[in-house]
Amino acid sequence: MIAAKISENLKQSSLIRAMFEEGERMRRKVGAEYVYDFSLGNPDPEPPREFKDALKTLVLQDPPGLHAYMNNAGYPDVREKIAAQINAETGRKLTFQHIVMTCGAGGGLNVVLKTLLNPGEEVIVFTPYFGEYRFYIGNHGGRMVEVPSHLESFEPDLARLEKSITPQTKAVLINSPNNPTGVVYSEKILKEMAGILAKKEREFHSKICLLADEPYRKLVYDDVRLPQIFNIFPHAIVVNSFSKSQSLPGARIGYIAVSDQLEDAPALVDGLVFANRTLGFVNAPGLFQKATAMALDSVVDKGIYEERRNILYQHLIKLGFTCVKPQGAFYLFPKALIEDDMKFKDQALKHNLLIVPGRSFGCPGYFRLAYCVSLQTIERSLPAFEALAREF
Ligand code: PLP
């Protein structure tokens, strides 16, 4: 019954499903507290108090029309507030007309890709990358082109980027802070990247969109300042969401912001709104648009993540793992202790450790740990990592 393409996609994404099922099986067998599940990027801290208060206020005030349709781009006052926040951070001049509210970053990326891509056009991603990108790009007839990162820093290999750009390149998709590595791209790297894109645009008489996927934007540690995409790339689209910064992945709320330097921004935004509508999202959830806008500056307690990162990272280094110290998001991406990351994942399972093999992110030989789990789980898991390391 189902389409061949979906059937093929299901095969490709079966690893994550299999891991989920394995986790459930183990929890039933040994009890949830003895399963150390680092496989999912599902934030465990509660959303910020400001957000919860905003939501309660809205529901209690119960203003007429709160649950009605609105402009498919979202409420103008919410979009205006987001534009003002971006302008305050960047010094740019975005208006509500540069903002489209979306169903999370996943919804936003699909809306952008549907709007941009002609069949067969290329989107460059850097390995390791968020595994869903392959499907998002495929959804809209695009071709994903993988460019490696430098393994010692997980910053993009710009020489390889330059060689990979063709007249078919429509977008370069970056994700910083990164899932799965937690790495934050430096301003220097991004400026060099912008120089390469501008050079290639001149060479091919094309326009290459820099598409920044930034759901982890507010989750940075060690006083790191995230470079401002809009001040580095003129042809930029930024996709953001509240899933991670406000621990709201189930609310499905995010937005697309389009650069005020794009000459064809009005046509692009018309396209985004059309795609948002016709992909069937229609508009982002109205109640959550309002509530997140009321608590726009609130962020989950980052200290919680920073503490977990420090404990886990230091433990792994002590055990002899090689790992780039992440400065953002809530992931670690250490090198597996054997070449075969699938075998390493199976071995970890024997110690009740659920980890995701690097090949799920286009980077075999590594594994991802999502440390958005309780501190108690992390502390309990430390002997299991020790036992695992002893085997190699
Ligand atoms: N992009 C990256 C890099 C992610 O890690 C995720 C979720 O894990 C998403 C996009 C999707 O986020 P959302 O829940 O906002 O759709």
Side-chain angles (χ1 to χ4, degrees), residues 13 16 19-20 37-45 47 51 74 82 99-114 123-140 144 146 149 154 156 171-185 210-220 226 229 237-257 275-276 279-281 283-285 288-289 291-292 299-300 305 326-333 356 358 360-363 368-373:
S13 64
I16 293 184
M19 291 206 48
F20 183 74
D37 188 348
F38 293 96
S39 64
L40 283 180
N42 195 8
D44 78 311
F51 167 80
I82 290 173
I99 309 293
V100 178
M101 302 306 294
T102 62
C103 292
L109 288 166
N110 273 282
V111 164
V112 172
L113 293 165
K114 182 175 175 67
V123 179
I124 292 179
V125 302
F126 297 98
T127 57
Y129 53 81
F130 177 50
E132 301 293 79
Y133 288 163
R134 177 176 297 285
F135 304 118
Y136 294 174
I137 294 165
N139 281 346
H140 308 291
M144 188 172 92
E146 296 181 26
S149 299
F154 287 124
V172 174
L173 170 53
I174 62 170
N175 168 226
S176 166
N178 185 267
N179 174 7
T181 65
V183 162
V184 174
Y185 293 171
L210 188 286
L211 177 54
D213 177 24
E214 295 197 331
Y216 302 96
R217 174 167 192 88
K218 290 192 180 168
L219 299 182
V220 287
L226 212 67
I229 295 298
I237 300 177
V238 174
V239 173
N240 206 329
S241 100
F242 300 94
S243 296
K244 316 289 174 167
S245 59
Q246 294 193 354
S247 270
L248 292 172
R252 310 311 305 137
I253 182 76
Y255 61 86
I256 304 165
N276 203 29
L279 279 171
F281 298 124
N283 56 251
F288 288 107
Q289 288 188 47
T292 47
V299 190
V300 289
Y305 287 135
Q327 291 183 301
F330 39 59
Y331 306 104
L332 290 164
F333 199 61
V356 186
S360 303
F361 310 95
C363 193
R368 189 191 75 173
L369 298 173
Y371 57 82
C372 45
V373 295

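Counting starts at 1 for both ligands and their atoms, in listed order.
Residue Lys244 touches ligand 1 through its side chain alone, judged by heavy-atom distances below 4.0 Å. By the criterion of a heavy-atom distance under 4.0 Å, the side chain of Tyr216, and not its backbone, is placed next to ligand 1.
In this structure a side-chain-to-backbone donor-acceptor pair under 3.5 Å is present from Thr102 to Gly104.
Counting the atoms of ligand 1 from 1 in the order shown, those under 4.0 Å from a heavy atom of Ser241 are 15 (O). Proximity to Ala105 (heavy-atom distance under 4.0 Å) selects the following atoms of ligand 1: 10 (C), 12 (O), 13 (P), 15 (O), 16 (O). With ligand atoms numbered from 1 in the order given, ligand 1 contributes 3 (C) to contacts under 4.0 Å with heavy atoms of Asn175. Of all atoms in ligand 1, listed by their number and element, those nearer than 4.0 Å to a heavy atom of Asn179 are 3 (C), 4 (C), 5 (O). Close approach of ligand 1 to Gly104 (heavy-atom distance below 4.0 Å) involves ligand atoms 15 (O), 16 (O).
Ring centers of Tyr216 and Phe330: under 6.0 Å apart, within the cut-off.
For atom 11 (C) of ligand 1, the closest non-hydrogen atom of the protein is Gly106 N, 3.8 Å. The protein atom (non-hydrogen) at minimum distance from atom 9 (C) of ligand 1 is Phe130 CE2, 3.5 Å. The protein atom (non-hydrogen) at minimum distance from atom 2 (C) of ligand 1 is Asp213 OD2, 3.3 Å.
Test Tyr129, Tyr331, Phe333 against Asn179 for side-chain contact (heavy atoms from CB on, under 4.5 Å) and you get one pass: Tyr331.
A heavy-atom separation below 4.0 Å is not found between Pro249 and ligand 1. Between Arg252 and ligand 1 there is a heavy-atom distance shorter than 4.0 Å.
At least one N or O atom of Ser243, backbone or side chain, sits closer than 3.5 Å to an N or O atom of ligand 1.
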